[in-house]
Amino acid sequence: MNDPNGLMVVDGRLHLFYQHNPDGPYHHRIHWGHAVSDDLVHWHHEPVALAPTPDWHDAQGCWSGCGVIADGVPTLIYTGIEPQVQCLATSSDGLRTWTKHPHPIVAAPPQGVDVYGAPPEMRDPWVWRKDDSWHMLLGCGVRAADGAVDGALLHYRSVDLRRWDYLGIVHRGRFAQNTTAWECPNLFALDGRYVLLVSEQLEYRHTYAQTGGFDDGTFVPAWTDVTDHGRVFYAGLSVELRDLRRMLFGWIKEGRSDAVTRASSSWAGALSLARELRLDRHGRLNQRPAPEYQRLRRRRYRRHGFGLDAGEAVTPDVHGERLEIVLEASVPAGAVLRLELRATPDRREHACVRFDGAERVVAVDTRAASLDPRIEGDVTAAPYHGEDLLRLHLFLDHSILELFAGDPDGHTTCITSRLYPTRPDAVHLAIVAEGEPVAVHALEVWELAAIG
Ligand code: DQQ
């Protein structure tokens with residue numbers, strides 16, 4: 001899979017669609033896969049929802065988009081490519097089969113807007129209902145005054161989802177140095193403000209979050225950060241659940257080359273954990289793993305209130321490729337706390353999460369995580385925004401590490417990484433203090449059940 005698509009709740013069940021090539025673990029003639037969950041934890045596969053139609057507008061691929069219920073009818077809105085146009089499909093049999101609307105619903109860029117690309121790139125519709133109208137954002141790039149390209153979001157309105165009027169550009173800008181387009185926009189109200197999520201090309205690494213105001217068709221950001229500091233969490237897509245929690249899912253990319261992926265695996269890419277989004281009192285993004293995952297907890301190791309001298313390590317007697325770890329510690333300036341994960345007993349393979357008490361930076365280091373010479377690890381370091389205590393919440397799932405760092409209600413630092421140990425004994429965990437003693441207030445580790 002690559003991007004999550006079309007998230008929608010129907011009869012209490014969460015439907016996930018996703019960019020998918022049924023022919024193999026590489027990106028080509030993309031279809032929409034489909035899976036359903038009752039609990040955010042276990043997924044049931046449904047037949048492929050959308051396939052390219054020969055000699056039609058999506059013949060080269062059904063690219064990303066969203067799902068809405070319009071007058072009770074489940075509706076998918078997505079991008080057909082070469083050239084990029086927006087398409088629509090509906091289901092009348094409980095989301096099993098889909099009928100495509102005979103014509104694109106947006107067939108060309110708006111008049112007078114110089115959308116970047118040859119042919120112009122505009123895609124990944126995000127649609128929502130407000131009052132009596134439907135609204136849509138499309139991601140694209142537009143030329144800026146300095147001659148470079150800004151990412152931009154085109155805003156349309158419709159009463160029937162089929163005929164759309166162009167209203168204007170909601171927001172534009174650049175996060176990385178060289179931008180060609182914003183992709184996969186999300187715009188929604190949360191905790192009294194608006195949140196905008198976009199993923200940016202050429203960088204192709206981050207889903208960015210901005211929070212601010214949205215009035216008169218203009219989004220005005222007051223705060224900006226990445227949703228995840230790793231280089232593998234991309235194309236984030238959110239959904240509001242029935243209980244009004246807003247969940248974010250991302251595509252977790254591979255951390256190895258396409259050639260290595262194709263040589264070693266029949267699949268590529270994964271769905272992230274569901275992250276509940278909130279804003280903290282400063283309007284900054286708070287992310288926490290959905291509590292539903294607690295039901296996967298099995299054997300537990302627990303130790304509270306202990307000190308670790310400099311150079312001392314604790315090695316919990318829980319092992320495995322699937323672990324959840326919660327840690328709270330006071331790490332003074334001068335001390336560094338390290339968690340070694342997926343370690344072999346001789347440490348020849350191990351990944352490392354590191355917190356530096358002086359710099360208050362949290363880092364994930366996967367450079368020693370694999371003995372496979374084809375795999376390059378890396379270091380991702382990011383500022384920790386919590387108050388005095390260090391609070392870490394980690395999920396390790398075979399080759400995926402998802403880290404949430406920060407206060408429960410504050411702005412969270414998330415880092416998602418990939419690690420590919422080669423040895424079957426790369427299942428150990430150690431917590432090590434360096435430099436100065438560290439006070440560990442709580443350490444809980446669970447072995448996690450598999451979901452299928
Ligand atoms: N992936 C899709 C595009 C989208 C990109 C193609 C983001 O629609 O812009 O598979 O990863």
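When a ligand or atom number is given, it counts from 1 through the structure's own listing order.
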Could you identify the single nearest non-hydrogen protein atom to atom 8 (O) of ligand 1 and state the distance to 0.1 Å?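 Here the closest protein heavy atom is Asp124 OD1, 2.6 Å.
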Shortest protein contact, atom 2 (C) of ligand 1 (heavy atom only):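 Going atom by atom, the protein heavy atom closest to atom 2 (C) of ligand 1 ends up being Asp3 OD2, 3.2 Å.
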Could you check whether the rings of Phe249 and Trp43 sit parallel, tilted or perpendicular, using 30° and 60° as the cut-offs?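 Phe249 and Trp43: perpendicular rings.
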What is the ring orientation for Phe355 with Tyr384, classed by angle as parallel under 30°, tilted 30 to 60°, or perpendicular over 60°?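 Correct class here is perpendicular.
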Using a 3.5 Å cut-off on N or O atoms only, is [X] in polar contact with ligand 1?
X: Trp63; result: no
X: Tyr204; result: no
X: Ser64; result: yes

Within reach of ligand 1, part of His27 (heavy-atom separation under 4.0 Å):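 Looking at His27 and ligand 1, just side chain atoms fall under 4.0 Å.
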Under a 4.0 Å heavy-atom limit, does Thr79 contact ligand 1 with its side chain, its backbone, both, or neither?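 Neither part.
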Donor-acceptor pair between Glu349 and Tyr420 side chains, under 3.5 angstrom: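 No, no side-chain donor-acceptor contact under 3.5 Å.
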Numbering the atoms of ligand 1 from 1, which are under 4.0 Å from a heavy atom of [X]?
X: Gln19; answer: 2 (C), 6 (C), 10 (O)
X: Arg123; answer: 3 (C), 4 (C), 8 (O), 9 (O)
X: Tyr234; answer: 7 (C), 11 (O)

Looking at ligand 1, does Trp251 have a heavy atom less than 4.0 Å from it?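 Trp251 counts as a contact of ligand 1 under the 4.0 Å cut-off.
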Within a reach of under 6.0 Å around [atom1] of [X], are more than 12 heavy atoms found that belong to other residues, nucleotides or ligands?
X: Arg284; atom1: CZ; answer: yes
X: Asp55; atom1: CG; answer: no
X: Arg13; atom1: CZ; answer: yes
X: His101; atom1: NE2; answer: yes

Evaluate Glu183 against Ser199 for side-chain hydrogen bond (donor to acceptor under 3.5 Å, both in side chains), listing each step before the verdict. CA-CA 5 Å; Glu183 319 188 293; Ser199 298; 6.0 Å; no
